[in-house]
Amino acid sequence: MGCFALCSPSTSFVPSTSIISLSRRSFSSSCKSPVLTNRFIEPLGYSSSSSSSASHLFGSHSRFSLLNSKPFAPHLNTFRPQKSIQASSSSVEKVKSPDSAPQGAKLLPFAISVAIGVIVRFFVPKPVELSSQAWQLLSIFSSTVAGLVLGPLPVGAWAFLGLTTSVVTKTLTFSTAFSAFTSEVIWLIVISFFFARGFVKTGLGDRIATYFVKWLGKSTLGLSYGLTIGEALIAPAMPSTTARAGGVFVPIIKSLSLSAGSRPGDPSAKKLGSYLIQSQFQAAGNSSALYLTAAAQNLLCLQLAEELGVKIASPWVSWFKAASLPAFVSLLATPFILYKLYPPETKDTPEAPAMAAKKLEQMGPVTRNEWVMVGTMILAVSLWVFGDAFGIASVVTAMLGLSILLLLGVLDWDDCLSEKSAWDTLAWFAVLIGMAGQLTNLGIVTWMSDCVAKSLQSLSLSWPGAFVLLQASYFFIHYLFASQIGHVGALFSAFLAMHLASGVPGVLAALALAYNTNLFGALTHYSSGQAAIYYGAGFVDLPDVFKIGFIMAVVNAAIWGVVGGFWWKFLGLY
């Protein structure tokens, strides 16, 4: 039994950043050596499914735990390798070579994605109103969107294949195909990833959230409100819902839950962890919808709206003003509604404020880098709000902020280079925006919207009826998407054009679609980056994710439809 000492509770703690490699060797015929692959050792309840979405964004940080190591001692037996330790019962088994893993595109998704484009191009009659170039681009775009849903290759790789096809077939020229890579909105999104890394690297986001746990955490409901308010506070300056989830809130929720005896993948998850995860997950969409700079897809929505002629004056202020009342109502209602629908077994958490206070004491005073981060983000948000008056574009503000962080050493260039999601987003965002823009220029979007508008008119729908039908369709079709940004790139322009053709006021249509883009991120466990992280924490069963996701979608539709409808009328949006 001594051969399995690695699993003993008395074993000293191994940090999650350590990669352990053990060579295979035989000790005796009665005791074979454990076999470990080059994998991360999972901390308490940490799920590998979330690491794929978050590890490249955030790395590993010492502040991921609210607790010091001593309270974890009873739970050390839950540390486990990602693959279980196995004792060989015969000769040493061969390690599967990385070269033996399947490589390249997944054949069935690849075949289906390509077939969709081929059918559109060669088997669907081309409308007389459209040119051959436009129809050919639509077929390529259809295959690209199908691939985003089916996933024959990673998103960036598949988007690049679509771009290459458009150039090889001479559907688009090289300069036209790559024109979107100079888009201000895309670079603003890329820089937002770097800001999010700064929040996580300095621990500022963790500190802010921990303060709210200290102030409001005496009961489970209060704890949920503390976390929700904390996210709403840091959202405008930490422009990534995924980063907020993986870098700040999931680690805190895990620590609090484990201290209350609520473990992932166990019936005890219902004590505390399940409720906190669901509450934070569902509230996050409202925090992202509240501010223009709270999520990358918000900026993309406004860029696509502008290409269709819908220009929003003072975008940051206009966005916040229109979202404020329905978002605040939803943020206040979500923890309470889930407390009734999905109640935690533990109602009181008197130890949470003391734990948070101890964590803050361990953090020590606010560091120089945290103060720099605070000052930089105050400057950035101020210029995002008032920059139009000074002629400073949003992307220029982001560039100034990043330059300050680099000059003062809060971030270094290696931090930026290692932010793979930022560069991946640059690649496939630009492809989708470029294709969507050309579809508009070649008349595809206008033709599609006119067809839908005529169908709606045949049903004798007024513009409010068309608005409700189109918004609901845009929302629930997200069950077919695994990315909010992919959904926007594929469908936002088309749905906005349909609204405009149906007589819906442009600004109202664009903002409502953009707000829904944030709200449908909590529909399923695959509907967004943060969804994978919250589900990957291991506290929530999959059927509950779908059930609560649908219920809260209806709740949010009621709040944003009724409260938002009256508020938008008051603001003069229609």
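Residues Met498 and Asp450 have side chains not in contact (no heavy-atom distance under 4.5 Å, counting atoms from C-beta outward). Between Phe520 and Tyr474, some side-chain heavy-atom pair lies under the 4.5 Å cut-off. Proximity of Asn286 to Leu290: side-chain heavy atoms (C-beta onward) are nowhere separated by under 4.5 Å.
For Phe178, the CZ atom sits in a packed shell: over 12 heavy atoms of surrounding residues, nucleotides or ligands are nearer than 6.0 Å. No more than 12 heavy atoms of other residues, nucleotides or ligands lie within 6.0 Å of CZ in Phe566, so this atom counts as exposed by the packing criterion.
Rounded to the nearest 0.5 Å, atoms CD1 (Ile444) and OG (Ser131) are 7.5 Å apart. Note that CG of Leu302 and CD1 of Ile312 are 5.0 Å apart. Values are rounded to the nearest 0.5 Å.
Using a 30° and 60° split on the angle between ring planes, Trp463 and Phe467 fall in the perpendicular class, above 60°. Between Phe550 and Phe476, the ring-plane angle classifies as tilted under the 30° and 60° cut-offs. Ring pair Trp560/Tyr515 is tilted by interplanar angle, where 30° to 60° counts as tilted.
Every residue two or more places apart in sequence or in another chain that forms a salt bridge (charged side-chain N to carboxylate O under 4.0 Å, His left out) with Lys311 is listed here: Glu306.
No hydrogens or angles considered: nothing links the side chains of Gln297 and His487 as a donor-acceptor pair under 3.5 Å. A donor-acceptor pair shorter than 3.5 Å can be found between the side chains of Thr241 and Ser288.
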